[in-house]
Amino acid sequence: MPREENLLILKMLQEGTITAEQAAELLAALDSPGSRAAPPTPPTPPTPPTPPTPPVPPTPEVEDLGDGGETFARARAKIAQARETVAGMQERLQGAHDRLDKAEGSSQQPWQAVADALKDVPGARSISDALRGVDPARIAATARRQARRVARQVRSSLGDIEQGLNSTFSGEGRSAPTLSEERSANASVPAGGTLRVRNTLGDIEAVGSDGEQAVVSGTVRVWAANDAEARALADQVTLSVEQHTDGPTLSVGHPSKFKNAQIDLTVQVPHNIKVSLLSPAGDIAARDIRGGVVLATQSGDVEAREIAGDVAAETVSGDINIGAVVGNVTVSSASGDMTLGRVSGQALKALTQSGDISVRETTAQSVDAETVSGDVIAQGISGRAFRVRTVSGDVRAVEIAAGDEILLDTVSGCLELSPRNPMSGTATLGAVSGDVSLRLPTGANAQVSVSTRSGDVRGRWHLPDGSEQKVDASGMISVSETLGEGGAPVAISTVSGDIEFTQERAAAAPGV
């Protein structure tokens, strides 16, 4: 076998110019009887020698390898090893191919099946690892949160459109009414009794007064083709008073399917009585009431401020705004947002389906907020218990102090808690596929327990001597750490979300 050509083939194989199979074929061809019977033709100067096929760059000088038989043996050994490598690669690729075929009909998560199929394929390890990090629950949670945000934007846009339409077709947006006429009624309310007001043609505003009777007033406005028609419509609108044992009911009356008329009512309410206001489509407002209020509407907004007594408010699609209440507060809505602040009664309860809830500067002893797809934002809460539950909504609670219990629970939303010192009650944060973040104040004494099945855990806190401790782990993790002197139990758990808990560093003394 020609020594120079064999060295050239080996050099080409080492450089990757030809494959192991091509090298084996060339060596076999050179080692065949025909090749030995026909010795190579020496090159004729000055024409350069014709290189073997496939063409390669000029061969550099190669050191003398000694006995040719030993060289050929080593070459064949390398070629055999290369063939074994290729055969093993083909076997692994075929195995991956078979596993991918099975993955198509498997009940296993598709990306997990693909990750298992590719784990032994060189060059596909990074793809396999990346696929293993895919969490379907977190993907779904992210998609739901994004859909919820889009839905809120749509609702906001629709609300703007509705407000524009109401302005266009209401008395304020229309041309001047054909007829305007004042209406009023008085009613006596027993001490501690209830004044009920029903208006199906407009808004209701109740304001506390020092008078001894309830006074209801409003202006009937009618739009019609002519004065006679307007007069006929106005005569069908009545303001009646019905006396009951516990108090009177003031109602706006009119025929069914009545239109082209509107009356907004203002009610002067004596102190120390309860007020119940109902308007299907109008806005409802109560201010400076000392006996408690009940407010109900379908598509209107609700507002109650400076109330001494319990407040109950309900709406389907309107927003609720409650502030400065000394008493219990219970509010519910299907899709409206809620803003609650400065409530100092025993209990505050807020329930909505898709609206957001905001609770601020509240000293109610018990605060409970529940929503399906809305977000909850709480700030400056002081009391005995603070509990928030959501399905896919996010929760952000800042400056929370609860003597007995702090509970944040969600399925796919994200939780964020920043409690105030001193921490004395229990704090529990639980999520299924959402992330959880806990920021503890400087000098907090707590026993923190953290657990997750497939998420990441990041922790940073400070010891009494000022040194910093850290934890950084992934996968199925269970961690328990004592902060300060321990004491207040803090439990954080999630199935597939990430967990982060940190403690603020103490501020440096002036001049340090």
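A quick note: this is a predicted structure, and the numbers were derived from the prediction, not measured. Starting from 1, each residue takes its place in the sequence as its number.
- Within the 4.5 Å cutoff, the side chain of Gln236 has no heavy atoms near those of the Val222 side chain.
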Could you walk me through whether Arg221 and Asp264 pass the salt bridge (charged side-chain N to carboxylate O under 4.0 Å, His left out) check? CA-CA 9 Å; Arg221 292 177 290 177; Asp264 297 332; 3.7 Å; yes
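- Between Val457 and Thr452, the closest side-chain pair of non-hydrogen atoms falls below 4.5 Å.
- Proximity of Val220 to Pro177: side-chain heavy atoms (C-beta onward) are nowhere separated by under 4.5 Å.
- Between the side chains of Thr410 and Thr390, at least one donor-acceptor pair of N or O atoms lies under 3.5 Å.
- Of the possible polar contacts, none joining the Thr330 side chain to the Ala312 backbone as a donor-acceptor pair under 3.5 Å is found.
- Counting only distance, with no hydrogens or angles, the side chain of His462 and the backbone of Gln503 share a donor-acceptor pair below 3.5 Å.
- When atom types are taken as modelled, the side chain of Ser299 and the backbone of Ser317 share no donor-acceptor pair closer than 3.5 angstrom.
- Residues His254 and Thr200 approach most closely at NE2-OG1, 2.6 Å, considering heavy atoms.
- Residues Thr426 and Glu405 have side chains that never bring a donor and an acceptor to within less than 3.5 angstrom of each other.
- The closest side-chain heavy-atom distance from Arg439 to Val398 is not below 4.5 Å.
- To the nearest 0.5 Å, the span separating OG1 on Thr297 from CG on Leu278 amounts to 7.5 Å.
- For the residue pair Ile357 and Ala369, the shortest heavy atom distance occurs at CD1-CB, 4.2 Å.
- Here the side chain of Asn328 pairs a donor or acceptor atom with the backbone of Ala347 at under 3.5 angstrom.
- With rounding to the nearest 0.5 Å, the separation of CD in Glu182 from CD1 in Ile263 is 8.5 Å.
- Smallest separation of non-hydrogen atoms from Leu277 and Ala206: CD1-CB, 3.8 Å.
- Here the closest non-hydrogen pair linking Ser180 and Thr219 is CB-CG2, 4.1 Å.
- At distances below 3.5 Å, at least one donor-acceptor pair connects side-chain atoms of Asp375 with backbone N or O atoms of Asp394.
- Taking 4.5 Å as the limit, every side-chain heavy atom of Leu340 sits out of range of all side-chain heavy atoms of Thr362.
- Arg183 and Ala234 get closest at one heavy-atom pair: NH2-O, 2.9 Å.
- Tested against Val343 for a side chain to side chain contact (heavy atoms under 4.5 Å, CB included), the candidates Val359, Ile381, Val367, Leu348 yield a single pass: Leu348.
- In terms of modelled atom types and a separation under 3.5 Å, the side chain of Asp319 and the main chain of Asp301 share no donor-acceptor contact.
- For the atom pair CG (Asn321) and CG (Asp337), the distance works out to 11.0 Å, reported to the nearest 0.5 Å.
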Test Leu440 against Trp461 for side-chain contact (heavy atoms from CB on, under 4.5 Å), laying out the working first. CA-CA 9 Å; Leu440 294 170; Trp461 66 99; over 6 Å; no
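- To the nearest 0.5 Å, the span separating CZ on Arg396 from CG on Leu408 amounts to 12.5 Å.
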Evaluation steps, side-chain contact (heavy atoms from CB on, under 4.5 Å), between Leu233 and Thr178: CA-CA 11 Å; Leu233 291 173; Thr178 309; over 6 Å; no
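- Side-chain contact between Ile499 and Thr494: present, with at least one pair of heavy atoms (C-beta onward) separated by less than 4.5 Å.
- With rounding to the nearest 0.5 Å, the separation of CG in Asp283 from CG in Leu295 is 11.5 Å.
- The shortest side-chain heavy-atom distance between Glu481 and Val479 falls under the 4.5 Å cut-off.
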Output, in order, the C-alpha distance, side-chain angles, deciding distance and verdict of side-chain contact (heavy atoms from CB on, under 4.5 Å) for Lys274 and Ser276. CA-CA 7 Å; Lys274 299 178 182 178; Ser276 175; over 6 Å; no
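- Partner of Val395 under the side chain to side chain contact (heavy atoms under 4.5 Å, CB included) criterion, chosen from Val436, Leu415, Leu417: Leu415.
- Ser366 and Asp368 share a side-chain donor-acceptor pair at under 3.5 Å.
- Residues Met423 and Ala444 approach most closely at SD-CB, 4.1 Å, considering heavy atoms.
- Between Leu195 and Pro248 there is a side-chain heavy-atom pair separated by less than 4.5 Å.
- Around atom CD of Glu485, no more than 12 heavy atoms belonging to other residues, nucleotides or ligands sit under 6.0 Å away.
- The distance from the CZ atom of Arg196 to the CG atom of Asp246 is 4.0 Å, given to the nearest 0.5 Å.
- Between Glu500 and Arg458 there is no salt bridge, since no side-chain N of the basic residue sits under 4.0 Å from a carboxylate O of the acidic one.
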Verdict with supporting geometry, Glu306 and Arg287, salt bridge (charged side-chain N to carboxylate O under 4.0 Å, His left out): CA-CA 6 Å; Glu306 301 176 19; Arg287 177 169 49 88; 5.8 Å; no
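- Side chain of Asp435 to main chain of Asp498: a donor-acceptor pair is present (N/O by atom type, distance under 3.5 Å, no hydrogens or angles).
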Would you be so kind as to tabulate the donor-acceptor pairs closer than 3.5 Å made by side chains of residues 265-272, with sequence neighbours excluded?
unit_1: His271; atom_1: ND1; unit_2: Arg290; atom_2: NE; d: 3.3
unit_1: His271; atom_1: NE2; unit_2: Ser209; atom_2: O; d: 3.3
unit_1: His271; atom_1: NE2; unit_2: Asp210; atom_2: OD1; d: 3.1

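- With a 6.0 Å radius and a threshold of 12 heavy atoms from other residues, nucleotides or ligands, Gln243 has its CD atom above the threshold.
- Between the side chains of Gln379 and Arg360, at least one donor N or O sits under 3.5 Å from an acceptor N or O.
- In this model, a donor atom of one side chain and an acceptor atom of the other lie less than 3.5 Å apart for Gln447 and Ser480.
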